[in-house]
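All remarks here apply to the structure that follows.
In what follows, residues are counted from 1 in the order of the sequence shown.
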Amino acid sequence: MSGTGRRAGPAGERPEEYAEEYADEYADEYAAALASALRGPVRAKARLVAEIRDGLAGTVAAYAAEGLPHDLAVRRAVREFGTVAEVAPACQRELTVAQVRHTARAVALAAPLPAVCWYLFLATGHGSQLPLAARLLAFPLAGVAAAAALLATAALAATGPLARRLPTPRRLPRATAWASTAAGVCLGVSALTLAASSPLSGNWPAVALAGALAAALHTVVASSARACRDCAGA
């Protein structure tokens, strides 16, 4: 270490370059630890971790360039930013809200479609060609899907511009997670019911198409609901 307290870098490497390399190495380790502690949408999580990583690397490099030993530069930067354990809860809250919005948007768009299909079948008379069990299932499935869509719309409102004035309800992530789970179940049951009923219907192409649509939407909503449950329990 020189008289100013700055560590000498490898031969042929300027102290500033060594400081940046050391800062990048530590920041990468910090970012990896933070990323493993967080749950949430992939893009939002990557963007958040990258912002913190770049800020930490810049702070460590700045302290090291001032002549501080690198260990001390790291300690000061971490004191300024916070440890992973200290930073993770605030980051997780932000990612949980992002996941709630992602899931609520999927449910609000997907859940009403099977209800519309059931309504069209029953209102146009094609529903009479479906088995009695399918017709009896239509009403509760449509009702649950509609309720889930309404809750998802409320979640979008609560986490949108309104969130700047009012705090996000503490139980909203869990409520959204289970509402989306219920919507996913309804979509799955609708898909199975329509697929099983299509051979018995005189308008089987339309019924089969509605079943395929419900199956595709079930995949999207169920995946998002699982991610939302993970975030709500994090």
Side-chain angles (χ1 to χ4, degrees), residues 1-2 4-106 155 159-160 163-164 167-168 170-178 180-181 184 219-234:
M1 183 182 297
S2 64
T4 61
R6 178 181 293 142
R7 289 184 181 177
E13 188 173 17
R14 290 182 298 175
E16 293 79 5
E17 294 175 345
Y18 183 59
E20 292 179 1
E21 181 180 348
Y22 184 90
D24 287 340
E25 181 180 352
Y26 177 78
D28 288 341
E29 294 176 359
Y30 185 99
L34 181 61
S36 66
L38 299 177
R39 302 289 182 272
V42 175
R43 291 183 180 178
K45 176 180 169 180
R47 183 170 57 250
L48 180 61
V49 171
E51 289 176 358
I52 294 174
R53 181 254 176 233
D54 292 344
L56 180 62
T59 303
V60 173
Y63 280 133
E66 291 175 0
L68 291 178
H70 292 99
D71 291 343
L72 180 57
V74 166
R75 287 199 296 271
R76 287 198 177 182
V78 170
R79 189 183 306 125
E80 183 176 327
F81 272 78
T83 64
V84 170
E86 293 169 342
V87 170
C91 293
Q92 185 58 62
R93 284 192 294 272
E94 182 176 340
L95 289 176
T96 297
V97 171
Q99 183 62 60
V100 165
R101 289 188 60 77
H102 180 79
T103 301
R105 190 178 299 110
T159 55
R164 299 173 185 173
T168 301
R170 184 172 58 87
R171 297 184 179 180
L172 182 62
R174 194 173 297 275
T176 303
W178 289 110
S180 59
T181 300
T219 301
V220 173
V221 171
S223 175
S224 190
R226 182 165 55 251
C228 195
R229 290 197 303 271
D230 289 343
C231 283

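Remark: Arg79 CZ to Arg75 CZ distance equals 8.0 Å, nearest 0.5 Å. With rounding to the nearest 0.5 Å, the separation of SG in Cys91 from NZ in Lys45 is 11.0 Å. Distance check: Gln92 CD to Leu95 CG gives 5.5 Å after rounding to the nearest 0.5 Å.
For the side-chain hydrogen bond (donor to acceptor under 3.5 Å, both in side chains) test, residues two or more places apart in sequence or in another chain that qualify with Thr103 are Gln99, Ser224. For Ala155, the side-chain contact (heavy atoms from CB on, under 4.5 Å) criterion is met by Val100, Ala104, Leu172, Thr176, not counting sequence neighbours. Applying the salt bridge (Lys or Arg N to Asp or Glu O under 4.0 Å) rule to Arg53 yields the partners Asp24, Asp28; only residues at least two apart in sequence or on another chain are considered. Every residue two or more places apart in sequence or in another chain that forms a side-chain contact (heavy atoms from CB on, under 4.5 Å) with Glu29 is listed here: Glu25, Tyr26. Applying the side-chain contact (heavy atoms from CB on, under 4.5 Å) test to Val84 and every residue at least two apart in sequence or in another chain returns Tyr30, Ala33, Leu34. In this structure, Glu94 has no side-chain hydrogen bond (donor to acceptor under 3.5 Å, both in side chains) partners at least two apart in sequence or on a different chain.
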Should Arg229 and Trp178 be marked as a side-chain contact (heavy atoms from CB on, under 4.5 Å) after you check the CA-CA gap, both sets of side-chain angles, and the distance that decides it? CA-CA 7 Å; Arg229 290 197 303 271; Trp178 289 110; 3.9 Å; yes
Can you list the steps and then say if Thr96 with Arg93 is a side-chain contact (heavy atoms from CB on, under 4.5 Å)? CA-CA 5 Å; Thr96 297; Arg93 284 192 294 272; 5.6 Å; no
Step-by-step side-chain contact (heavy atoms from CB on, under 4.5 Å) determination, Arg101 to Arg105: CA-CA 6 Å; Arg101 289 188 60 77; Arg105 190 178 299 110; 3.8 Å; yes
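For Ala44 against Ala98, the heavy-atom pair with the smallest separation is CB-CB, 4.4 Å. For the residue pair Ala27 and Leu56, the shortest heavy atom distance occurs at CA-CD2, 4.3 Å. Contact between Ala73 and Tyr63 at its shortest, heavy atoms only, is CB-CB, 3.6 Å. Ile52 approaches Phe81 most closely through the heavy-atom pair O-CE2, 4.0 Å.
Side-chain atoms of Ser223 do not come within 3.5 Å of backbone N or O of Thr219 as any donor-acceptor pair.
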